[in-house]
Amino acid sequence: MKKVTKDMIIRDVLALDPGCADFLINIGMHCLGCPSASGESLEMACMVHGADIDKLVNDLNDYLKDK
């Protein structure tokens, strides 16, 4: 099973399933193709965007459960 962790790089999360982009866009991460996506962890991005990392990780893993 695919699993997301808060220390994963954004690009790696998107590589698991492109549908993960919708979750990131919904919390304000609109620059998924920018250089930060290749070096920034989900946790760092959530801090910058004021998002709840635990909720995001849970939502992504719930989504991936059915894949």
Side-chain angles (χ1 to χ4, degrees):
M1 179 179 104
K2 301 173 186 178
K3 185 167 175 132
V4 172
T5 62
K6 61 183 168 184
D7 61 331
M8 286 181 76
I9 302 300
I10 294 168
R11 177 194 52 183
D12 295 337
V13 173
L14 296 173
L16 289 176
D17 187 295
C20 291
D22 292 337
F23 293 89
L24 302 175
I25 290 168
N26 285 337
I27 61 170
M29 294 182 197
H30 299 122
C31 190
L32 299 178
C34 73
S36 292
S38 294
E40 191 170 55
S41 71
L42 279 180
E43 186 170 34
M44 289 187 300
C46 281
M47 286 186 342
V48 169
H49 291 280
D52 181 338
I53 183 61
D54 294 320
K55 180 178 181 342
L56 177 61
V57 168
N58 287 335
D59 290 348
L60 287 168
N61 283 324
D62 284 346
Y63 167 75
L64 290 171
K65 258 194 285 196
D66 298 328
K67 299 293 170 179

Taking all non-hydrogen atoms of both residues, which atom of Leu32 and which atom of Ala21 are closest, and how far apart? CD1-CB, 3.6 Å
Decide whether Ile25 and Ile9 are clustered together by the hydrophobic rule: side chain heavy atoms of Ile, Leu, Val, Met, Phe, Trp, Tyr closer than 4.5 Å, transitively. no
To the closest 0.5 Å, what do you measure between NZ (Lys55) and SG (Cys46)? 11.0 Å
From NE2 (His49) to CD1 (Ile27), nearest 0.5 Å: 7.5 Å
Sort and list the pairs that fulfil ring-ring contact (aromatic ring centres under 6.0 Å, His included) and have at least one residue in residues 6-40, not counting sequence neighbours. Phe23-Tyr63
Can you tell me how far apart NZ (Lys2) and CG (Asp17) are? Round to the nearest 0.5 Å. 5.0 Å
Residue pair Val4 / Leu56, side-chain heavy-atom distance below 4.5 Å: no
Shortest non-hydrogen contact between Ala45 and Met29, atoms and distance: CB-CE, 3.4 Å
I want to check something: taking the side chain as every heavy atom from C-beta on, are Leu42 and Leu60 in contact at a cut-off of under 4.5 Å? yes
Which atoms form the tightest heavy-atom contact between Glu40 and Val48, and what is the distance? OE2-CG2, 4.1 Å
Separation between SG of Cys20 and CE of Met8, rounded to the nearest 0.5 Å: 8.5 Å
Going from CG on Asp52 to CG on Asp54, what distance comes out if it is rounded to the nearest 0.5 angstrom? 5.5 Å
To the nearest 0.5 Å, what is the distance between NZ (Lys6) and CE (Met44)? 13.0 Å
